[in-house]
Amino acid sequence: MKSHLNGLAVLAYLVFSLGMAMSFRGTTILSVRKAFPVDTVDLDSTRIGIRTVASGENAVWEMVWGPDNHIWFTDQDGKVSRLNPETGTINEILQIKDYYRKRLGLMSMVLHPDWKKHPHVFINYSHIRSDSTIVSKLVRYTYDGRILKDPALLYEIPGYLGHNGSRLVISKDKKILWATGDLKQKETIHNPKFTNGKVLRLNLDGTIPADNPYPGSPAWSMGFRVPQGLTYTATGNLFIAEHGDATDDEVNLVTKAGHYGWPYVAGFCDLTEEQAYCTKITTIMPVKAWTPTIAPAGMDYYNGNITEWKNALLLSTLKDQSLRILHLDAAGTNVVGEDIMFSKQFGRLRDVCVSPSGDIYLATSNRDWNPPANFPIAEDDRIIRISRIGSIPGGTAKKVAANGPAAETGATLYTNFCESCHKPDGRGVPGSFPSLVGSARLAGKKDRLVAMLLKGGQAASGEAMPSFRFLSDAQLSQLAAHVKSRFAPQLPAITGEDFREARKTAD
Ligand code: HEC
């Protein structure tokens, strides 16, 4: 049974709960309140309610609002489903067979804007060929009112275990825009003959539009690392959100033939090498960048009835486990403010979807390959609704504060820069990120830890650790002290001086 409820819990619910309900595949059951850490939140003048509308899912990647007022969503195990957000009923309408899920699998999806005439669904997923090469397919399906059928392969590009990016949108002029990841290959990102690290633009039949900037190429703009967010604003501006490496996650405004810098520029053109590059190649600067990184995923434009969030980009994050409200200026071209909501309450958030009435849906991704501490919970993965439930009597100006900068300690630095890979308990992810606990390679000497932090490294698994030399010697020594005290007591004491010396010999 998927439900975690027993008789006592149901009784507890009946006695204590104020009436939240959720349903598993159409059977409505009552939920225990403690599974939902928040149920109302007060903004300046709006009270918002939070409610789980679907649970027991598996690494949801995409949610789009359908013409039938259902949420159409994908999960990484190759499934497309329709969720009735009012009743919680879910219909599975497609199970693709030839997806490859080592890390990814089925990813993004978009519906044809002219649905009555063309009930088409476009999906993007990873596939492994018999010769073991991984490809990323764009396939069109047709909805017959019950299921998705008649797959037609529209486009196929090289893929990889990770770094595929993947988000699809359709423009007003009916082109598919497709955000692709760098596939961990750097040399080809700025070459329009290759499809990695780009926004691609295709006709709805998979052909290349005549007005693309590089004739014969699907490339529209380039220089992205791992973009998983792509959305149009009401005024038709296209924004993209991408994962940086050790620093600089970014949101950018996408323009035709625009260059966005990666791998030569991370975030702004501020380092000496970056400035040198930017004087040669016109590089568009982000409208927002984050260091420490937050791992931004799905993004949607909001202009609904939660007045505090009007004219904003809503960005869901994985590593930071939050929803970012990125307030736009009147022209809709710049980010002028940010609120951070729901930190660590629901776990990893892969996507966000806005309904025509202004409700917001969040999809968790706690059953993917990289679950955070304390997740998944029994209900994962979930689709959660955030909606306006009223105004605050008297309109108290109680602002939901963005998380202020915490005092920087070794523990905070570890949380911000190391935890996403090595995990809060330092035990890493077997086969991907090594455990710092009981590591023989760390035993008794300073050099390995110092070198890893300054230079990074690549494991046999192909996973890499970025360099953290942008941190100060004082910060690095705080980190080292934290690693020693929490995970590796056998390490000798490491000071700022050790990093200062090592930088000299490394430079
Ligand atoms: C993007 C993922 C990632 C992040 C973030 C990351 N690491 Fe690593 N780390 C790795 C990988 C992969 C390796 C293995 C590299 C190798 O074998 O050369 C590694 C290796 C190490 C090692 C060596 C372990 C051993 O057994 O030799 C140490 C120590 C370490 N990391 C500390 C840190 C610290 C401290 C931070 C935060 C500042 C950090 N790492 C951030 C991925 C990461």
Side-chain angles (χ1 to χ4, degrees), residues 102-103 160-163 181-184 186 225-226 228 242-249 262-263 266 290-297 317-321 348 368-373 406 408-496 498-499 502-503 506:
K102 176 90 187 248
R103 289 269 172 96
Y160 185 64
L161 294 178
H163 284 232
D182 68 356
L183 309 180
K184 289 200 177 171
K186 298 188 169 165
R225 188 171 171 273
V226 184
Q228 292 185 7
E242 64 174 310
H243 292 196
D245 194 0
T247 65
D248 294 290
D249 289 333
W262 183 255
W290 292 266
T291 303
T293 54
I294 56 177
T317 74
L318 299 163
K319 174 182 162 189
D320 190 61
Q321 305 169 40
R348 286 158 73 79
D368 66 22
W369 68 279
N370 197 11
E408 228 174 44
T409 60
T412 317
L413 289 163
Y414 184 84
T415 306
N416 289 340
F417 293 109
C418 319
E419 204 176 276
S420 57
C421 297
H422 294 292
K423 303 294 140 188
D425 64 2
R427 291 185 185 273
V429 176
S432 298
F433 305 121
S435 174
L436 304 178
V437 181
S439 161
R441 293 189 296 182
L442 281 181
K445 34 190 197 328
K446 311 177 173 185
D447 339 2
R448 171 121 178 121
L449 178 60
V450 172
M452 287 305 299
L453 285 169
L454 289 179
K455 294 189 207 147
Q458 178 131 27
S461 64
E463 284 309 328
M465 170 162 158
S467 152
F468 289 92
R469 60 186 306 128
F470 60 88
L471 294 175
S472 69
D473 294 342
Q475 287 174 311
L476 290 171
S477 63
Q478 280 181 312
L479 262 172
H482 180 75
V483 169
K484 173 176 160 60
S485 77
R486 283 287 315 281
F487 314 127
Q490 76 279 18
L491 276 169
I494 302 176
T495 65
D498 293 314
F499 288 100
R503 278 190 214 261

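First listed ligand is number 1; within each ligand, the first listed atom is number 1. Start at 1 with the first residue, then count along the sequence. Worth knowing before you read on, the calculation uses all heavy atoms, side chains too, and leaves out hydrogens, waters and symmetry mates. Here the structure is a predicted model, which means the values were calculated and not measured.
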(Q) Assess the residue pair Arg103 and Glu463 against the criterion (salt bridge (charged side-chain N to carboxylate O under 4.0 Å, His left out)); give the C-alpha distance rounded to whole Å, side-chain angles, the decisive distance to 0.1 Å, and a yes or no. (A) CA-CA 12 Å; Arg103 289 269 172 96; Glu463 284 309 328; 2.7 Å; yes

Q) Would you call the rings of Tyr414 and His482 parallel, tilted or perpendicular, where under 30° means parallel and over 60° means perpendicular? A) tilted

**Q.** Ser432-ligand 1 polar pair, N/O distance under 3.5 Å
**A.** no

Q | Nearest-option assignment for atom 31 (N) of ligand 1, heavy atoms, candidates Met452, Lys455, Met465 | A | Met465

**Q.** Any N/O pair Arg448/ligand 1 closer than 3.5 Å
**A.** yes

Q: Kindly assign one of parallel, tilted or perpendicular to the pair His422 and Phe433, based on the angle between their ring planes and the thresholds 30° and 60°.
A: perpendicular

Q) Counting each atom of ligand 1 from 1 as listed, which ones have a heavy atom of Leu453 under 4.0 Å away? A) 34 (C), 35 (C), 38 (C)

Q) So, the side chain of Ser439 versus the backbone of Leu436: is there a donor-acceptor pair under 3.5 Å, distance only? A) no

Q: Heavy-atom distances under 4.0 Å are what count here, so tell me which part of Glu463 touches ligand 1: side chain, backbone, both or neither.
A: both

Q: Report, in ascending order of atom number, the atoms of ligand 1 lying under 4.0 Å from any heavy atom of Leu442.
A: 29 (C)

Q. Is there side-chain contact between Lys184 and Val226, with heavy atoms separated by less than 4.5 Å?
A. no

Q: Would you mind listing which atoms of ligand 1 come within a distance below 4.0 Å of any non-hydrogen atom of Cys421?
A: 1 (C), 2 (C), 3 (C), 4 (C), 5 (C), 43 (C)

Q. Looking only at protein heavy atoms, which one is nearest to atom 5 (C) of ligand 1, and how far off is it?
A. Phe417 O, 3.2 Å

Q. Numbering the atoms of ligand 1 from 1, which are under 4.0 Å from a heavy atom of Pro434?
A. 11 (C), 13 (C), 14 (C), 19 (C), 20 (C)

**Q.** Which residue and heavy atom of the protein sit nearest atom 26 (O) of ligand 1, plus the separation
**A.** Ser439 OG, 2.6 Å

Q.
Heavy atom to atom 35 (C) of ligand 1, shortest distance: which of Cys418, Ser420, Ala459 holds it?
A. Cys418

Q. Which one holds for Ser461 and ligand 1: side chain close, backbone close, both close, or neither close, with close meaning a heavy atom under 4.0 Å?
A. neither

Q. Quick one: which of Leu491, Leu436, Leu449, Val437 has a heavy atom closest to atom 24 (C) of ligand 1?
A. Leu436

Q: Within a distance under 4.0 Å of any heavy atom of Phe433, pick out the atoms of ligand 1 and give their elements.
A: 2 (C), 12 (C), 42 (C)

Q.
Counting only heavy atoms closer than 4.0 Å, does ligand 1 sit against the backbone of Leu471, its side chain, both, or neither?
A. neither

Q) Under 4.0 Å from ligand 1, counting heavy atoms only, is it the side chain of Arg441, its backbone, both or neither? A) side chain

Q. Does a side-chain heavy-atom distance below 4.5 Å link Thr293 with Lys319?
A. yes

**Q.** From Gln228 atom CD to Leu318 atom CG, the distance as rounded to the nearest 0.5 Å
**A.** 6.0 Å

Q: Heavy-atom contacts with Leu479 under 4.0 Å: which atoms of ligand 1 show up? List them by number with element.
A: 38 (C)

Q) How about Asp248 and Trp290: does a side-chain donor come under 3.5 Å of a side-chain acceptor? A) no

Q: Indicate the atoms forming the closest heavy-atom contact of Leu454 with Ala502, along with that distance.
A: CD1-CB, 3.5 Å

Q | Donor-acceptor side-chain pairing of Asp249 and His243 below 3.5 angstrom | A | no

(Q) Ring centres under 6.0 Å, that's the criterion: do Phe417 and Phe470 meet it? (A) yes

Q.
Checking one value in my table: which N/O/S atom of His422 lies closest to atom 8 (Fe) of ligand 1?
A. NE2

